[in-house]
Structures are given as structure tokens and as C-alpha cells.
Amino acid sequence: MRLRNKPWAEQLIQEHPELISVNPTDMAGKWQTKFAQVQPIELELGSGKGKFIIEKAQKNPQINYLAMEVQTAALGMILKRQIELQLPNLQLLQANGRDINSLFAREEITKLYLNFSDPWPKTRHTKRRLTAPNFLEQYQDILLAPGNIEFKTDNQGLFEYSLVSCNNFGMKFDEVLLDLHQSERATANITTEYEEKFSKKGQPIYFLAAHFK
């Protein structure tokens with residue numbers, strides 16, 4: 001979801017290198033140094049305005065969180081909140097996920113969250129979907145075994161594609177839900193801004209949790 005330009009965002013990002021890493025290709029294997037304590041690191045790929053990852057960090061101080069986003073406007077909004085909150089277990093990074101294994105060392109990340117990724121509906125764009133085999137291969141490399149992934153979407157086509165892709169890659173499904181908000185998991189579910197918008201319209205939210213065998 002493309003946000004409107006925020007003229008102040010780029011300057012804010014430049015002023016806070018202690019909270020955000022820009023094009024962090026030199027950080028692979030060093031992410032623990034950005035946090036107050038050495039703890040498991042969980043990554044959200046595509047954090048949007050940051051509601052999900054901020055709430056995760058607030059509720060789980062025993063885990064370190066990385067909010068990865070490419071849009072300057074979105075990152076500026078997350079950073080603004082983090083400047084206020086100063087959560088010691090939250091760091092931001094601005095980068096594109098195409099070559100994610102160049103940003104992290106092998107088994108550096110404990111868990112990966114894919115929330116409402118771009119569905120790339122056209123067949124010629126299949127390889128751009130974040131659950132395509134070329135991405136799964138990279139996730140398997142950076143994730144600590146067993147390599148846990150959680151995925152949420154409102155797009156049925158992307159969900160069905162993701163189920164097939166993960167299955168064909170040899171992943172094991174821990175949970176598959178066709179309507180997350182009507183499930184037992186709903187009470188503990190942390191929503192994104194995008195998720196709240198579409199669930200209010202009655203759109204079911206699809207969910208899967210899986211790991212590499």
C-alpha cells in the first residue's frame with residue numbers, strides 16, 4: 001500500500017541512525033549490536049505504518065524486533081512512534097526484501113512475519129510474491145531452525161498460491177485459517193492498520209503458520 005509522501009520523513013530518518021539502519025548491507029551477522037540486550041530476533045518484512053511490530057515489541061520485551069520497510073513515508077511514521085516510545089527491543093531498517101539474505105547472516109533471525117504483502121496478481125509477476133520459492137529459499141537461509149513463518153493476507157488468490165508454494169517447497173504447516181478473526185487465535189491476534197480496515201468491511205483474513213522441515 002503506497003502512502004502519501006511525508007516531506008519530513010527523510011530528514012527524521014537521517015537524524016536517528018541509532019534507531020534506523022538505511023541500506024544496511026554491512027549489518028549481516030551484527031544485528032544484535034543494535035539492541036540493548038541479546039535476545040531472539042524476529043523480523044517483519046513490510047511493516048507499513050508499524051502498528052503490528054510496535055505492539056509486538058511492547059508485549060514481548062524478551063524478544064528483539066526488526067521492522068523492515070522500503071517506503072520512506074511509512075518508515076517515518078514508525079520512527080516517529082519509536083522516538084516517543086524508545087522501545088529497547090525495536091529497530092528499523094530501510095531496505096528492499098528482494099535480496100534479504102544479503103542483509104542477514106545465516107540463522108540470524110528466529111521468526112519471520114509476512115503481513116498483507118503485495119499480491120502481485122499478474123502471472124508474469126509471480127516471482128515477486130513474498131511466498132514464491134525464490135524468497136522461501138532465502139528465508140530458510142536466514143531463519144534459525146526450524147524456521148518459523150507467519151503469514152496474513154486478505155487476498156484469497158495470494159493465500160492459495162502461498163499454500164501451494166510452501167507445500168511444494170517442503171514446508172510443514174502448523175496452522176491454516178480461512179477466517180482468522182473468527183478463530184480461537186483472534187483473541188491473541190495483533191492487527192495491522194490494513195487488516196483492521198478490511199476486516200471492518202467483512203473481508204475474511206487468511207492466516208498460515210509454517211516452518212521448514
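In this text, all values refer to a predicted model and were calculated from it rather than measured experimentally.
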Kindly determine whether F169 and E137 satisfy side chain to side chain contact (heavy atoms under 4.5 Å, CB included), including the steps that lead there. CA-CA 9 Å; F169 198 83; E137 185 176 2; 4.1 Å; yes
Is there a path of hydrophobic side-chain contacts, each under 4.5 Å between heavy atoms of I/L/V/M/F/W/Y residues, joining L136 to L103? yes
Residues R185 and E175 bridged, charged N to O under 4.0 Å: yes
Rounded to the nearest 0.5 Å, the CG atom of L112 sits from the CD1 atom of I100 at a distance of 6.0 Å
Could you tell me if the side chain of F173 sits less than 4.5 Å from the side chain of H211, heavy atoms only? no
Does K6 use its side chain to pair, donor to acceptor, with the backbone of T72 at less than 3.5 Å? no
Quick check for you: to the nearest 0.5 Å, what is the distance between K197 atom NZ and T191 atom OG1? 14.5 Å
With side chains defined as the heavy atoms from C-beta onward, is the minimum distance between L79 and L19 less than 4.5 Å? yes
What verdict does the side-chain hydrogen bond (donor to acceptor under 3.5 Å, both in side chains) test give for N64 and Q32, after you've listed the backbone C-alpha separation in whole Å, the side-chain angles of each residue and the deciding distance to 0.1 Å? CA-CA 8 Å; N64 291 331; Q32 289 287 5; 3.3 Å; yes
Atom pair CD1/CG of I142 and L43 - distance to nearest 0.5 Å: 6.0 Å
Test salt bridge (charged side-chain N to carboxylate O under 4.0 Å, His left out) on E84 and K80; report intermediate values, then the result. CA-CA 7 Å; E84 297 171 0; K80 207 172 192 180; over 6 Å; no
Using modelled atom types and a 3.5 Å cut-off, is there a donor and acceptor pairing between side-chain atoms of T33 and backbone atoms of K30? yes
Report yes if the side chains of V176 and L163 come closer than 4.5 Å at any heavy-atom pair, otherwise no. yes
Has E10 got more than 12 heavy atoms of other residues, nucleotides or ligands less than 6.0 Å from its CD? no
Same cluster or not: are L87 and L75 linked, directly or through other Ile, Leu, Val, Met, Phe, Trp or Tyr residues, by side-chain heavy atoms under 4.5 angstrom apart? yes
Steps toward ring-ring contact (aromatic ring centres under 6.0 Å, His included) verdict (F212, Y139): CA-CA 9 Å; F212 297 95; Y139 304 155; 7.6 Å; no
Check for a donor-acceptor pair, side chain of Q39 on one end and backbone N or O of P61 on the other, with a separation under 3.5 Å. yes
Ring-plane angle category for Y206 and F159, please: parallel below 30°, perpendicular beyond 60°, tilted otherwise. parallel
Show your reasoning for whether side chain to side chain contact (heavy atoms under 4.5 Å, CB included) applies to L177 and L208. CA-CA 6 Å; L177 299 172; L208 72 82; over 6 Å; no
T192 side-chain N/O to E195 backbone N/O, donor-acceptor pair under 3.5 Å: yes
Do you reckon M27 sits in the same ILVMFWY cluster as I109, going by side-chain contacts under 4.5 Å, direct or chained? yes
Do L66 and F35 have side chains that get closer than 4.5 Å, going by heavy atoms? yes
Should E18 and K34 count as an ion pair when the cut-off is N to O under 4.0 Å? no
For atom CD of Q62, is the number of surrounding heavy atoms from other residues, nucleotides or ligands below 6.0 Å larger than 12? yes
Indicate if M68 and V22 have the same hydrophobic cluster label, given that clusters are the connected sets of ILVMFWY residues with side-chain heavy-atom separations under 4.5 angstrom. no
Donor-acceptor under 3.5 Å (S183 side chain, L180 main chain): yes
Tell me, please, whether Y161 has R129 positioned over its six-membered ring: NZ or CZ under 6.0 Å from the ring centre and within 45 degrees of its axis? yes
From I53 CD1 over to Q82 CD, what is the distance, rounded to the nearest 0.5 angstrom? 11.0 Å
Can you find a pair of side-chain heavy atoms, one from D118 and one from R128, that are under 4.5 Å apart? no
N148 side chain to K111 backbone, donor-acceptor under 3.5 Å: no
Hey, what do you get for CG (N101) to CZ (F135), rounding to the nearest 0.5 Å? 10.5 Å
Without swapping roles, check the side chain of N134 against the backbone of K127 for a donor-acceptor pair under 3.5 Å. yes
Just by distance, do the side chain of N89 and the backbone of I63 share a donor-acceptor pair under 3.5 Å? yes
Which of F198, Y194, F52 passes ring pair (Phe, Tyr, Trp, His ring centres under 6.0 Å) with F116? Answer is Y194
Determine whether a donor-acceptor pair (N or O, by modelled atom type, separation under 3.5 Å) exists between the side chain of E108 and the backbone of G29. yes
State yes or no: are the ring centers of F207 and F151 separated by less than 6.0 Å? no
So, K200 and E196, do they make that salt bridge, N to O below 4.0 Å? no
Distance-only, no hydrogens or angles: does the E69 side chain make a donor-acceptor pair with backbone N or O of Q94 under 3.5 Å? no
What I'd like to find out is whether the side chain of K56 reaches to under 4.5 Å of the side chain of I190, using heavy atoms alone. yes
Around atom CD of E15, are there more than 12 heavy atoms from other residues, nucleotides or ligands closer than 6.0 Å? yes
In this structure, would L130 and V70 fall into the same cluster of hydrophobic residues linked by side-chain contacts under 4.5 Å? no
List the steps, then state whether side-chain hydrogen bond (donor to acceptor under 3.5 Å, both in side chains) holds for Y65 with E44. CA-CA 8 Å; Y65 290 93; E44 183 185 23; over 6 Å; no
Between the CG atom in N115 and the CD atom in E193, the distance rounded to the nearest 0.5 Å is 10.0 Å
Within the structure provided, determine whether S47 and I78 are in side-chain contact (heavy-atom separation under 4.5 Å). yes
